[in-house]
Amino acid sequence: MTTRPHTPLRPLWLCRACAAPWPCGPARLTLLREYAHDRVALLVYLGGLLHDAAGQLHPLNPHDGPDPAQLFDRFLGWAKSVRATAAPAHEVA
């Protein structure tokens, strides 16, 4: 059985494999592996996707469009905070 990749279905920004809001959990894990040695590049890449998603999601629902803070958390917030959550408990401030 072939596993479908967890890639975004644009302009809805849902996962093609599991229909969760993209980036879903499996997509996040894949991105973390692919950018394991370059966190800045990951954040730049996700920032570009955030820009694309905001521009594509707003016209779909212009009166009750996506909340900017929620989009930030969905696309960048998780990647920015992964290092802190992966650190041992005694190192987290």
Side-chain angles (χ1 to χ4, degrees):
M1 179 169 96
T2 304
T3 304
R4 294 179 66 182
H6 290 265
T7 56
L9 175 63
R10 297 179 183 213
L12 300 175
W13 288 90
L14 298 175
C15 176
R16 291 179 186 271
C18 66
W22 195 91
C24 60
R28 291 176 181 191
L29 291 174
T30 299
L31 289 165
L32 287 173
R33 275 194 307 273
E34 290 175 359
Y35 289 90
H37 300 292
D38 197 349
R39 180 58 54 94
V40 172
L42 172 61
L43 293 172
V44 169
Y45 174 67
L46 291 171
L49 293 177
L50 168 62
H51 179 268
D52 292 350
Q56 292 174 356
L57 288 170
H58 180 75
L60 295 176
N61 195 358
H63 301 293
D64 191 23
D67 176 57
Q70 289 176 338
L71 281 179
F72 177 86
D73 289 342
R74 177 174 161 184
F75 282 86
L76 286 168
W78 68 270
K80 203 175 105 178
S81 63
V82 168
R83 178 177 286 162
T85 59
H90 67 277
E91 292 182 20
V92 177

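Reckoned from all heavy atoms, side chains included, excluding hydrogens, waters and symmetry mates.
A 4.5 Å side-chain heavy-atom check between Y45 and L31 finds at least one atom pair inside the cut-off. W13 places a side-chain heavy atom less than 4.5 Å from the side chain of F75. Between L71 and L57 there is a side-chain heavy-atom pair separated by less than 4.5 Å. Under the 4.5 Å side-chain criterion, counting only non-hydrogen atoms from C-beta, P11 is in contact with L60. Between R74 and L50, the closest side-chain pair of non-hydrogen atoms is not below 4.5 Å.
Shown here for L43 and A79, the closest heavy-atom pair between the two residues is CD2-CB, 3.8 Å.
Atoms CG and CZ, on L42 and R28 in that order, are 11.0 Å from each other to the nearest 0.5 Å. With values rounded to the nearest 0.5 angstrom, Q56 atom CD is found 9.5 Å from L49 atom CG.
Partners of A27 according to the side-chain contact (heavy atoms from CB on, under 4.5 Å) rule, which considers only residues two or more places apart in sequence or in another chain, are H6, W22, P23, C24.
Taking the six-membered ring for Trp and the full ring otherwise, the centers of W78 and F72 sit at least 6.0 Å from each other.
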